[in-house]
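Report on the following structure.
Every chain is numbered from 1 and lettered A, B, ... according to where its sequence line falls, protein lines coming before strand lines.
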Amino acid sequence: MIGQDARVLRIGIVPLAFFFCLLFVFPLAKFLWTSVTVMTDAGTTLTLSHYADVLSADSARSALRTTLMLSIVTGAVSLVLGYLLAYQVARRSPLVSKLIFMAAIASLFTSTIARALGWRVLLANQGPINNLLVGLSIVSEPVQLINNFTAVAVGMIHIQTPVVMLALIPVIEALPKDLERAAIGLGSSRWRAFVSIHLPITWRNALPIGLLTVMATASYFTTPVLLGGGRVEVMAIQIQQASQVLFDFGYAAALSVVLVAVIGVIAFLVFLTTNWRRPAGTRGAP
Amino acid sequence: MSTLEIENLRIAYGNYVAVNGIDLTIKHGELVSLLGPSGSGKTSVLRAVGGYLTPSSGAIKVDGRDITRDPPQVRDMGMVFQNFLLFPHMSVQDNVEFGLRMRQVPKTERRQRAMNALDMVQMAPYAARLPYQLSGGQQQRVALARALVIRPTILLMDEPMGALDAKLRAEAQEEIRTVQREVGVTTILVTHDQQEAMAMSDRIVVMREGAILEEGEPHQLYREPRTAFTAEFLGTTTLLPVDVLESEGGRCRVRHAPSGHEFLAAGAIVAGQAANVSLRPEHVAVSPQPSAGSIAGRVVQRMFYGVNTFLRVDTTEAGSLLALEAPGTAMDEGAGVYVSWRPEDARVLPRDAS
């Protein structure tokens, strides 16, 4: 029977592989190919000129910096917020934990565009936040809250935090509740137990989730467009401009490859330093 | 070295009453087991004493001081959990030092006390190891050292042998008992293992459905249980349903309900009531020859346990009985035999509600 199962697996993988190649590998390869070629009347020639253009263009370099900054800020803040929320879900009474869970799911069901537009309303010059600040005489004139880096970061964090929370719940639930009880029984405060027992055991499993957030944020397009108001140039916007406005596919492809490469290197370094697949029980092993 | 008093303790989770008004006093240095099946409320009592749950009513006092509402941090109790719960990212030494660090004990004294505690459980050579590098038995000893190093007023143990295999269990029982005596710490042990409770305790408290059914020293509870539940829970026994015909001066004439066989038994149950007779296997003599008052039966199964051998004997007069094979004899399965017991060993116990 086991042999038959193995055969089914082998046969079953064929259509999957076919569609994977047709719909993913092939277009991607074609796109990558355009990043290292130029088409002239004489034919197609290999070149690194697109990469040279990317690396020498100030706009591309600044977009890369902005993207990395946005991704890292978003990753870090949503990791912290998501961790705290997941901790509440895992450790609070069933009612509280269900409420938090529902709130997170509800915001996941809303489209990113709707959420960004919601933030536009909130952060507008005549929006509720500015009205409140002016009304309380904290500021005399409305503050510029929209169309800047902070607005984009806030929007991104709003999108990523529920995802991080969902991913972290099993990580936290895997740790027995009694482990903190043991610490508390030995005289530790709840906070000390969290900091000296809970965090050190779970951070290695939490970090890769933060990393996924960094990677997901790096390629975001809608939120930077809608909340950045054209002033927050991230890589995704540059790529869209290059391919759909300037029709310079070689340059667009080279931009994408640079973005993927930079994120890939960061990811690799983090994975190297965390041994993230190791179960919590063997934490601290050399 | 403290006395623990539990007064009218009641613990309810919503509509479910886990502990229904128990009273218990534990003298200093005493090791008391809370013994009962799951759902008997024993763990709830332990958690309430440790401060991990708040009782609905009642009081818990240590040396006369009411600590019912104190948070666990300030109770100075040592707890050994079922799965030990060592901090996986800390060395054995750091695990043991944790409670001292929380008490701001200076570093040199901390080291010294941790080493002493580890010495006591023979784990000093493993101080630098991480928990995952230790066997279950070693982890348990570290957990014990971690609980004792803070010089707890009360030591609480929640099924401490639950995660150990049978062979280690016996060793661990002996060792924990030795250390507990040496330190002289007042201890509550929660267990569902009657053998463990009997081997380790000064006193056993039998719990059922949130209440204390019976308490006493192990041998006393074993020999003179007052309820059929205790008789069955502590050790092995055969319970025979009987009707009490006459009762006088701690002796009864009873009639085995299914067969109508009449015999004498010990106990003070009012005549005319339905009751149970408890017959321990070691009190049932099995012989190939009949004797005065013996009843005929047939060996249907022989179970060899190493130290001793149990026989299941089917009789008409007393139903199916469990007996201990006398040393130096060997009965065959299927053999016709005669069983007998002394009236004082057959204990008449009230028929319980269940």
B/Arg47 versus chain A, heavy atoms under 4.5 Å apart: side chain, backbone, both or neither? side chain
Does any backbone or side-chain atom of B/Leu86 lie under 4.5 Å from a heavy atom of chain A? Answer side chain, backbone, both or neither. backbone
For each of B/Arg103, B/Gln82, B/Met77, tally heavy-atom pairs with chain A at distances under 4.5 Å, and name the one with the top tally. B/Arg103
Partner of A/Val234 under side chain to side chain contact (heavy atoms under 4.5 Å, CB included), picked from A/Thr223, A/Leu259, A/Val152, A/Thr66, is A/Thr66
Closest non-hydrogen atom pair, B/Gln73 against A/Arg190: NE2-N, 3.8 Å
Does the distance from a Lys or Arg side-chain N to an Asp or Glu carboxylate O, for A/Arg181 and B/Asp158, drop under 4.0 Å? no
Rounded distance [0.5 Å steps], CE in B/Met157 versus CD in B/Gln140: 6.5 Å
